[in-house]
Each structure stands twice: as C-alpha cells, then as structure tokens.
Amino acid sequence: MTALTFYGGVNEIGGNKILVEDEKTKLLFDFGQSFNFGEGFFTSWLGPRQLNGLGDYFEFDLLPRIRGLYSKEQLASTGFSYVEPQINALFLSHAHFDHINHVQFVDPAIPVYLGAGTKLFMESMEETSGFCRYGEHSCHKFRTRGKISIDDVVVEPVHVDHSIPAAYGFIIHTTNGAVVYTGDLRMHGPRKDLTEDFMEKAKESEPIAMISEGTRMVEKETRKNYSEAQVKDLCDEIVSSTDKMVFVIHYSRDMDRFRSFYRVAKKNDRQIVVSPKTAYLLTKLLSDERLDLPDPLKDDRILVYYKRKKSGTFDEKDYYAWERNFMDKMVTYEYILRNQKGLIMDLDFYQFAELIDIKPSPASSFIHSMSEPFSEEDIEDQVMHNWIDHFKMHFHQLHASGHMAREQLEELINYIQPKKVFPVHTENQQLFKQHCRNVQTIEYGKKYSL
Ligand SMILES: [Zn+2]
C-alpha cells in the first residue's frame, strides 16, 4: 500500500505538509506554515501562547493531530497523548517559512533530511532572530542525487531553481513506483538548468504520481513578472540614469536578487549597503562554495548599516553579539547622507524610520523588488507609499517570481507524464483539471491510495 495525505498546501499557496506512506514506512515532506495561519483567531498582539505548546493551536484545529509526530513538551497541555515517533523521517524541500516553520513542533527524535544550504539558512535564522527555534533534531544533509534509503523507500533529492538557494524536488521510490514532489520551482531564474535536471530525472522515473506546486496556476496574471536577468537589466537602467540615492527592498533570502543588485552596484561603481542581518547570512553562506557570494568582511563594495540603538552613540555594547562582527564595515546615517550618489542601499520596510535620519534628497529612487500586494487594501503597501511620497522618491516595481507560469507548469507535467497529478500549493486546483490530464484534486486530511 502506498498512500498520500495532505495536511497543508490544500487550496492555499504554502503551508505544505505531505505524508507519504509505503507499507509501514511514513515519511513527511515539508512541515510549513500557511501564510494566513491562525488568522481567524489570532491577530497582531493576540497570539498563541508559547508556554502552552500545541495547546493553543489544537484548540482551533490549526495543526493536524498526527500520532507519533510531535514532541512530548509540545503536547504536554493538549490531552493528545505522546507516543514514540511513528514518522520515520521529515524531508525539507527548501528554507522558506511556508515549508519549514512548523518543524519547531516536531519530536526531536524524528530525523530531518535537508539540503546543506537549507541547514545554513535555518541556523542563520535561529542565530539572528529572537523567536526562531526549530528544535534539536538530528539533521542529515543531502546534496542533489544523493540517495537516502528508509526501510524499502529510496528518496532522491534533485535540485531545482527557486527564489532561495538549495531548493530541491524529490523522487520518492516506493514499493509501488515513483512519486515525484516538485517542492517550489521555476524556469525563468538564473539556474533554469537545475529545474531541467529535475524534469529529466522525474521523467525517467516514470512516476505513478506527481505532487505539483501550482502557485501561478491562474487563468490570467495581473501582476508584472520579469526574469531575474530582466530585473538586473532594468535595475541597471535606473541606477545608471541617476546621480541620486537608490534604495532597494527585496526578500532577504533571495540570494539571486542580492547578486543582481550587487552586480548593478559594481557596474555603476557604487557601494552596496546591507543590514548586519544580511551580512551575517552572507558570511554563513560562504561555507557553501557553490553559491559564489561575496564576503562582507573582505569585499570593499559591501558596507554594513548600523542604526542607532540604546545609547544612540554606536557603542559596541548597544548591539547583539552576532551584529558586532561587522563593525569594521560600519556606516551610519551620517555616511549615507553624505554619500548618497555612490550607494545602493537595502532597506527593509520595518526599518523605514531610518529615512528620517538619512534624509534622501528628492527624486531618489526606490526599487520594490518583491511581489506586488495581493490586495488594494494592503495597509503596509499604503504606508510604504506614504513614506516614499513624503520623501519625494521615485517608485519602481521590479520582481521575478520564484514560481513557474501556468504554461510552464503544463509543459512540466506533460513532459514528466505522471499517471496522476496531485495539485498542492495552489488556490486553483480546478484549473489543473482544465489544463492537465489525470488530475486528482485533494482535500485536507484525506488519504489517497496509489
Ligand atoms: Zn512555498
């Protein structure tokens, strides 16, 4: 018996939690958090109480009651009794929140298999944020095409291109045939070749089932999407045609995007200003030589922005220990204010108050290099525009998605020719049915035998 059960990513983008059973073997693929997780019961300062473990989550059925999955500590206040692990292993496709965040609840006795790069991202998040803890799991790092045997199942991770390095899809060789899981993937990124490798391997395996992401499975896209190369070129046009400051905002773990801005800075002989958090992440990722990223401590093009904290005098003691590593590369608002035309600065939305000190001169550029807002009533988006207008900056929208467009998804599925397609990580399962053959739409918690 081989079966699939979906506990997340069902009629939603993200939050993947996929159970693959083969005879007595139980494997989980991803254990992420939905983007709208708990929003019916929790909002802003009203959140689940950490000390109550899973209790506050189970109260509202926010997490599945799977026996032998959660840690004793997390279950203590739930009335759902702890038993020894009944899940053999947890596999993680990549280090995005919607694929890994609920790992914190999982029994540490369950081994976690993940890409070497994914481990670095998770460590960096734990080390630089006050609230992020994934627990003490035994972590087994894989590289592409390593084969992992668990009982009679062999799991083969194959790299894919996505908006974070070290993203993988999986070919799960069960006793009844191969099950392919795409993770999140795209074809228009700088490492399209990785996704092509995955396509080849997946096709060769003649899968009995394919679990396919479908983020961009929509009839018609309304939001502008570029390739990463276009993002870089358009950014270069903006930077090369101004002698004013250029600010950029982007997803902090999208290293392709960082590389694009870094290259534009180099081409235009500007320096790039990053936060201590980004500098820390870059340092961490240096140990993965395949990523080819600059060393913020050695590279003269990179400066690290320190905002005023506590004493307001940039005293070492004002900063966390991990932040202090980069003080040799420190610049403050005064430096930025005086050197505007020679800089590109990473500026996170939550750090916008720094603009008051930096005083960007009118007609500076602001590049929003993230998804456009999903709704016109997006409050953060309105606030962002108010700030940009207040400082008389020019706004630019430039983004390349981490996901395949609908036509590419169709091509992917047609090429791999699975016997069955299970759409996950999508709001449009029905569209899969219209555009692809052999589609099995999924329901939350229902077991599908293969
Ligand atoms: Zn995702």
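Start at 1 and go down the list; that is how both ligands and their atoms are numbered.
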**Report entry** Lys141 atom NZ, over 12 foreign heavy atoms within 6.0 Å
**Finding:**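 Counting other residues, nucleotides and ligands, NZ of Lys141 stays at 12 neighbours or fewer.
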N, O or S atom of [X] closer to the Zn ion (ligand 1) than 2.8 Å:
X	result
Glu213	no
His94	no
His96	no

Query raised in the report: Side chains of His399 and Asn225: do they bring a donor and an acceptor to under 3.5 Å?
Result: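 There is no such pair (donor and acceptor under 3.5 Å, judged by atom type) between the side chains of His399 and Asn225.
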Report task. Give a yes or no on whether the ring-centroid distance for His99 and His425 is below 6.0 angstrom. Result ->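 Between His99 and His425, the centre distance is under 6.0 Å.
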Query - Asp98 atom OD2 and His99 atom NE2 as seen from the Zn ion (ligand 1), angle to 10 degrees - result: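 Centred on the Zn ion (ligand 1), the OD2/NE2 angle is 100° (to 10°).
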Query - the Zn ion (ligand 1): angle it makes with NE2 (His425) and OD2 (Asp184), nearest 10 degrees - result: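 The two atoms subtend 100° at the Zn ion (ligand 1).
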Query raised in the report: Is a salt bridge present between Asp152 and Lys24, judged by a nitrogen-to-oxygen distance below 4.0 Å?
Result: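 No salt bridge links Asp152 with Lys24.
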Requested in this report: With Arg270 as the cation and Phe261 as the aromatic partner, state whether NZ or CZ is under 6.0 Å from the six-membered ring centre and within 45° of the axis.
Outcome: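 Not satisfied by the 6.0 Å and 45° rule.
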